[in-house]
Amino acid sequence: MPFAALPCLLSSLVLGQSESDPPSALEALASRLKVEGGADVYYGYNFNRPADGANFIPGTGTTGKRDNELTLNLASLGVSLEPAPVGFRVLVGLGTAMEVVHAAEPVGTATGPDVWRFLQQASLSFAHGPLTLEAGVYPSHIGLESFQSQLNWTYTRSWMGELSPYYQTGLKGTWKFSDAWSAQLHLLNGWQTIGENNRGKALGTQVAYSGERLSAAFNTFIGEEGSGGSEGLRLFADGVATYKVTDAFSVAATADVGTQQRPEQDAAFWYAAGLNARVQLAQPVAVTARAELFDDRDGLISGTAQRLVEGTVTLEVKPAEYLVLKLEARHDRSTADVFGGSQTTAEGTPVPRSTQTLVVAGATAYF
């Protein structure tokens, strides 16, 4: 039985009503209720054979984090109520993705990675006409990629996705000017954080267009990201565009630029750009290629002053409506030695290398 029909069936059983009876308030409520979830598993092989079994750099790897393991990336379960005018969405998860995405949460009283480790989203919403308000923990307005693997063209995430927020905490207002144009304003705790590590707050904005073939958005973030009493105003801009060239061929482009003030130093600066191309070979089969550059010249975002480049090719097969299989080859290169190697130092830590090559097979089932 489809999960979408479950709330309506339950309400009918409770009230003892037939299909010919007029809908009750409980049935109307149940029709807006949606249960969702899924499981995302993978096997990844890193030709570096990292001694600690970890792919990517610290703080990243929300897909394919572990080398030479068949493991769970993300298991999700949630429930949502479409706002009419009030609604909500709660989504929890576990797996290697959840450990990575919450690793930088500030530690304090009633907050930290252990407190929020299972939470993907928990937000309330209110809709009235063209205006929708949402408050709580919800997906970030920045970037091309989603935290849910089945929603992305590739299996592993880009550096632009990994080094920008997947979620944010605060209040969002969305205004729809028309079916195609919309704008957002966010009041946020900070950059991918639920807890707060300073006295400042952040603002985010978005202007978006969604047409039949072209979808585009311009996103910004401005806020205090310093910690320990140090000031650090961050300014960031992100542009995303997807164009459906034909029914079988689509392209997507992304560009980021950011700067942040640092005490007694020049401001840190970083920029990035990526290009994706997807070809639908047949109804269940698609191929995607991605090329990307991420220049973190001062090491503020990635933790090391470096320039990262990567190339990825992904084969996707959908043998059933709610099952996605992906086979992917990826090569990363840095101007610094940041990827784990098979050799270890005297302390037992991996001797770093400047490159890594991965092959990852992922399977995602969802409802």
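These numbers were taken from a predicted model, which means no experiment stands behind them.
More than 12 heavy atoms of other residues, nucleotides or ligands shown are found within 6.0 angstrom of CZ on Phe269. Heavy-atom contacts from other residues, nucleotides or ligands closer than 6.0 Å to CD of Gln265 number more than 12.
Judged purely by distance below 3.5 Å, without hydrogens or angles, the side chains of Thr364 and Gln150 never pair a donor atom with an acceptor atom. Checking Arg290 against Thr154 by side-chain atom types alone, a donor-acceptor pair falls below 3.5 Å. For the residue pair His331/Glu310, the side-chain donor-acceptor check at 3.5 Å is not satisfied. Side-chain contact annotation: Asp296 with Ser302, donor-acceptor N/O pair under 3.5 Å present. In this model, a donor atom of one side chain and an acceptor atom of the other lie less than 3.5 Å apart for Arg330 and Thr156. Side-chain atoms of Thr345 and Glu347 form a donor-acceptor pair, as typed in the model, at a separation below 3.5 Å. Side chain to side chain, Thr63 and Asn73 fail the donor-acceptor criterion of an N or O pair below 3.5 Å. A donor-acceptor pair shorter than 3.5 Å can be found between the side chains of Thr220 and Thr205. A side-chain donor from one of Asn46 and Gln356 sits under 3.5 Å from a side-chain acceptor of the other. Counting only N and O atoms by type, the side chains of Gln306 and Ser334 include a donor and acceptor under 3.5 Å apart. A donor and an acceptor atom, one from each side chain of Gln148 and Ser146, are nowhere located under 3.5 Å apart. Between the side chains of Glu27 and Ser31, no donor-acceptor pair of N or O atoms lies under 3.5 Å. A donor-acceptor pair shorter than 3.5 Å cannot be found between the side chains of Thr312 and Glu328.
Gln120 contributes a side-chain N or O that, together with a main-chain N or O of Val92, makes up a donor-acceptor pair within less than 3.5 Å. A side-chain donor-acceptor contact under 3.5 Å links Ser178 to the backbone of Ala180. Side chain of Lys65 to main chain of Thr60: a donor-acceptor pair is present (N/O by atom type, distance under 3.5 Å, no hydrogens or angles). Listed for the His102 side chain is a donor-acceptor partner under 3.5 Å among the backbone atoms of Leu119. Judged purely by atom type and a 3.5 angstrom limit, Asn48 has no side-chain atom pairing as donor or acceptor with the backbone of Pro50. Without hydrogens or angle criteria, Arg32 side chain to Leu81 main chain gives no donor-acceptor distance under 3.5 Å. Side chain of Glu224 to backbone of Gly232: a donor-acceptor contact under 3.5 angstrom is found. Using a distance-only test at 3.5 Å, with no hydrogens or angles considered, a donor-acceptor pair links the side chain of Ser140 to the main chain of Pro165.
The other members of the hydrophobic cluster of Leu144, by chain and number, are Val240 (side-chain heavy atoms under 4.5 Å, ILVMFWY only). Hydrophobic cluster membership for Leu188: Tyr42, Phe56, Ile57, Tyr138, Ile142, Tyr155, Trp159, Met160, Leu163, Trp191, Phe221, Phe236, Trp270, Phe294, Leu300, Ile301, Leu308, Val338, Phe339, Leu358, Val360 (Ile, Leu, Val, Met, Phe, Trp, Tyr linked by side-chain heavy atoms under 4.5 Å, directly or transitively). Taking a 4.5 Å side-chain heavy-atom cut-off between Ile, Leu, Val, Met, Phe, Trp and Tyr, the cluster of Leu94 extends to Val41, Leu72, Phe118. In this structure, Leu235 shares a hydrophobic cluster with Leu187, Leu203, Ile222, Leu233, the cluster being traced through Ile, Leu, Val, Met, Phe, Trp and Tyr side chains under 4.5 angstrom apart.
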Exercise for the section: Evaluate side-chain contact (heavy atoms from CB on, under 4.5 Å) for Ile194 paired with Gln168, printing each intermediate quantity in order. Expected result: CA-CA 7 Å; Ile194 300 175; Gln168 50 201 15; over 6 Å; no
Problem - CA sep, side-chain torsions, deciding dist, call: Phe47, Tyr45, ring pair (Phe, Tyr, Trp, His ring centres under 6.0 Å) - result: CA-CA 6 Å; Phe47 286 86; Tyr45 184 83; 5.2 Å; yes
Handout entry: Chi angles and distances behind the side-chain hydrogen bond (donor to acceptor under 3.5 Å, both in side chains) call for Thr169, Asn189
Key = CA-CA 6 Å; Thr169 308; Asn189 281 349; 4.8 Å; no
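In this structure, Glu225 has no salt bridge (charged side-chain N to carboxylate O under 4.0 Å, His left out) partners at least two apart in sequence or on a different chain. For Asp256, there are no side chain to side chain donor-acceptor pair (under 3.5 Å) partners at least two apart in sequence or on another chain. Judged as a side chain to side chain contact (heavy atoms under 4.5 Å, CB included), and not counting sequence neighbours, the contacts of Thr111 are Glu105, Trp116. Taking the salt bridge (charged side-chain N to carboxylate O under 4.0 Å, His left out) definition, one finds that Arg89 meets it with Glu36, sequence neighbours left out. Residues satisfying the side chain to side chain donor-acceptor pair (under 3.5 Å) criterion with Thr62, sequence neighbours excluded, are Glu162, Tyr166. The salt bridge (charged side-chain N to carboxylate O under 4.0 Å, His left out) test applied to Arg278 returns Glu316, not counting sequence neighbours. For Arg49, the salt bridge (charged side-chain N to carboxylate O under 4.0 Å, His left out) criterion is met by no residue, not counting sequence neighbours. Every residue two or more places apart in sequence or in another chain was checked for a side chain to side chain donor-acceptor pair (under 3.5 Å) with Thr109, and none qualifies.
A side chain to side chain donor-acceptor pair (under 3.5 Å) with Lys172 is found for one member of Gln206, Glu134, His141 and no other, namely Glu134.
Ion pair Arg157/Glu145 not flagged as a salt bridge, since none of the NZ, NE, NH1 or NH2 atoms sits closer than 4.0 Å to an Asp/Glu carboxylate oxygen. Between Asp295 and Arg307, at least one side-chain nitrogen of the basic residue sits less than 4.0 Å from a carboxylate oxygen of the acidic one, meeting the salt-bridge criterion.
Atom CG of residue Asp40 and atom OG of residue Ser76 lie 8.5 Å apart, to the nearest 0.5 angstrom.
Ring-plane geometry between Trp181 and Tyr209 is classed as tilted, the angle between the planes lying from 30 to 60 degrees on a 0 to 90 degree scale.
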